[in-house]
Student: 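Take this structure, written in structure tokens, and hold onto it; I'll ask about it next.
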Amino acid sequence: MKKKTIIRYILIIAIFVITILEISPIILVILNSFKTDKEIWFGNPFSFFIPTLNSYHNVISSLTFTHGLLISLIVGVFTTVISVMLGALAAYGLTRFKFRGRNVVAYSILSSRMIPQLALMVPFYMLFRTFEMVDMTSSLVIAYISFNIPYAIWMLLPFFASVPKSFEEAATIDGASRNQIFWRIVLPLAVPGLSVASIFVFINSWNEFLYALILTGSKDQTAPIAIMGYLGEYTPKWGEISAAGMIMLIPAFIIALFMQKYVIEGLSVGGVKG
């Protein structure tokens, strides 16, 4: 057997093992969501069991969790729209306009992503407490935007850089203004990048736990905080935790499913141009 063939089989086996390790937690969550707590505690993870929807029924009928889902959806949508649009404007400016200190601005934005979010938690809390914005949806949106905008900018930079300037020059000759060029020509051509950035920003906001724990109380809890309530006083309710986790997977899965065409195209462009 040739050396290249052996290496190929080794890589295939390694990829298969890594894939199994990656998806095994998701498989366990799916299985546990259809089990009773007794079966989860005392049964083998992959043993035969009779599926039940009790955990899903308890989670869906819980006003705390459904309200948390609504809050998470509102925060995620507003954070995504604002972060991606502001990121698009900034990325377009950095790729199209030459000014002194442009690289300094770009790398300053990148360096802001290196600041631990935990270090900013206390200043955010003190700021929102001063303006009486603790336990409000708007405070979460503002906090999430602050650390998602740099992420969106750096994701969108290669996409705007890949748009040919000849399109803008032709539109300028036809009498189009800078705003018209951006909204009608450049932005539609950057849809793959906008899709990729939107998915990642939404997932960051959808799954965020620490800021939601500190900046919210009983009024505007997000879904991750509501799931923490199933830990219980004495024993965790693993079935309901698993069912709630599966429900939280649905929005991200739907978005990725409908935007997968743009995601694949966007990742390839970002990988080549970035």
Side-chain angles (χ1 to χ4, degrees), residues 68-95 101-161 190 192-217 219-228 245 248-249 251-252 255-256 259 263 266-267 270-271 274:
L69 275 179
L70 179 61
I71 296 299
S72 291
L73 186 61
I74 293 173
V75 171
V77 169
F78 275 94
T79 301
T80 301
V81 172
I82 297 174
S83 298
V84 173
M85 291 313 302
L86 292 178
L89 291 170
Y92 177 73
L94 289 172
T95 56
R102 182 177 63 172
N103 291 334
V104 175
V105 172
Y107 285 105
S108 297
I109 295 172
L110 177 62
S111 63
S112 66
R113 285 290 303 166
M114 300 178 185
I115 301 175
Q117 294 181 13
L118 183 63
L120 300 175
M121 184 179 63
V122 174
F124 266 121
Y125 178 80
M126 295 178 64
L127 179 66
F128 291 136
R129 186 184 63 179
T130 301
F131 291 98
E132 298 182 354
M133 293 178 62
V134 177
D135 199 12
M136 293 179 63
T137 305
S138 56
S139 62
L140 281 181
V141 174
I142 294 172
Y144 290 175
I145 288 174
S146 68
F147 56 77
N148 274 309
I149 284 182
Y151 188 80
I153 291 174
W154 270 90
M155 285 199 69
L156 291 171
L157 279 174
F159 297 101
F160 283 103
L194 296 174
S195 302
V196 175
S198 297
I199 291 175
F200 280 93
V201 171
F202 180 81
I203 292 176
N204 284 340
S205 304
W206 183 255
N207 294 328
E208 205 283 325
F209 178 82
L210 183 61
Y211 276 69
L213 177 64
I214 301 301
L215 298 179
T216 62
K219 180 182 176 182
D220 283 342
Q221 288 184 349
T222 59
I225 306 302
I227 292 177
M228 187 180 67
M248 282 199 66
L249 282 175
I255 293 174
M259 304 180 86
V263 171
L267 289 175

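The shown structure was predicted, so the numbers you read here are calculated from the model rather than taken from an experiment. Just so you know, these numbers use all the heavy atoms, side chains as well, and skip hydrogens, waters and symmetry mates.
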Student: What pair of heavy atoms forms the shortest contact from Ser146 to Pro150, and how long is it?
Tutor: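 The pair with the smallest heavy-atom distance is O-CD, 3.4 Å.
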Student: Measure from the side-chain N and O atoms of Trp154 to the backbone N and O of Ile109, and report whether any donor-acceptor pair falls under 3.5 Å.
Tutor: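 Checked: no pair found.
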Student: Measure from the side-chain N and O atoms of Ser72 to the backbone N and O of Leu69, and report whether any donor-acceptor pair falls under 3.5 Å.
Tutor: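 No; judged by distance alone, with no hydrogens or angles, the pair does not exist.
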Student: Who pairs with Asn204 by side-chain contact (heavy atoms from CB on, under 4.5 Å), at least two apart in sequence or on another chain?
Tutor: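 Testing Asn204 for side-chain contact (heavy atoms from CB on, under 4.5 Å), a comparison that skips the adjacent residues, returns Asn148, Tyr151.
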Student: Rounded to the nearest 0.5 Å, what separation is found between the OG atom of Ser198 and the CE atom of Met85?
Tutor: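 If I round to the nearest 0.5 Å, the distance is 9.5 Å.
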Student: Please identify each residue that fulfils side chain to side chain donor-acceptor pair (under 3.5 Å) with Glu208, with sequence neighbours left out.
Tutor: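 Tyr144.
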Student: Work out which heavy atom in Leu156 is nearest to a heavy atom in Ala91; give both atom names and the distance.
Tutor: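 Answer, listing the atom of Leu156 first, then Ala91: CB-CB, 3.8 Å.
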Student: Measuring from atom OG1 of Thr137 to atom CG of Asp220, what distance do you get when rounded to the nearest 0.5 angstrom?
Tutor: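 If I round to the nearest 0.5 Å, the distance is 3.5 Å.
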Student: Would you compute the distance between atom CG of Leu127 and atom CG of Leu120 and round it to the nearest 0.5 angstrom?
Tutor: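 So the CG of Leu127 and the CG of Leu120 are separated by 11.5 Å.
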Student: How would you list, by chain and number, every residue that makes a side chain to side chain donor-acceptor pair (under 3.5 Å) with Thr216, sequence neighbours excluded?
Tutor: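 So Thr216 forms no side chain to side chain donor-acceptor pair (under 3.5 Å) with any residue.
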Student: For a quick test of reading the model, state the closest non-hydrogen atom pair linking Met248 to Asn207 and the distance between them.
Tutor: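 Closest approach of Met248 to Asn207: CE-OD1, 4.3 Å.
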Student: Rounded to the nearest 0.5 Å, what separation is found between the CD1 atom of Ile145 and the CG atom of Leu86?
Tutor: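 These two atoms lie 7.0 Å from each other.
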Student: Could you please spell out the steps behind the side chain to side chain contact (heavy atoms under 4.5 Å, CB included) verdict for Phe128 and Ile142?
Tutor: CA-CA 10 Å; Phe128 291 136; Ile142 294 172; 4.0 Å; yes
Student: Between Ala143 and Tyr211, which heavy-atom pair has the shortest distance, and what is it?
Tutor: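 Heavy atoms of Ala143 and Tyr211 come nearest at CB-CD2, 3.8 Å.
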Student: Checking side-chain contact (heavy atoms from CB on, under 4.5 Å) against Phe209, which of Ile225, Ile227, Thr222, Ile214 comes through?
Tutor: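 It is Ile225, the one option of Ile225, Ile227, Thr222, Ile214 that forms the side-chain contact (heavy atoms from CB on, under 4.5 Å) with Phe209.
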Student: Output the distance between atom CG (Leu157) and atom OG1 (Thr95), rounded to the nearest 0.5 Å.
Tutor: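 Between atom CG of Leu157 and atom OG1 of Thr95 there are 6.5 Å.
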Student: Which heavy atom of Ala152 sits nearest a heavy atom of Val201, and at what distance?
Tutor: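 Shortest heavy-atom contact: CB-CG2, 4.4 Å.
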Student: Please name the pair of heavy atoms, one in Pro251 and one in Trp206, separated by the smallest distance, quoted to 0.1 Å.
Tutor: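 Looks like CG-CZ2, 3.6 Å.
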Student: Any chance you could measure Met155, atom CE, to Leu194, atom CG, to the nearest 0.5 Å?
Tutor: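 Rounded to the nearest 0.5 Å, the CE-CG separation comes to 10.5 Å.
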Student: Any side-chain to backbone donor/acceptor pair from Ser83 onto Thr80? Under 3.5 Å, distance only.
Tutor: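 Between the backbone of Thr80 and the side chain of Ser83 there is no qualifying donor-acceptor contact (under 3.5 Å).
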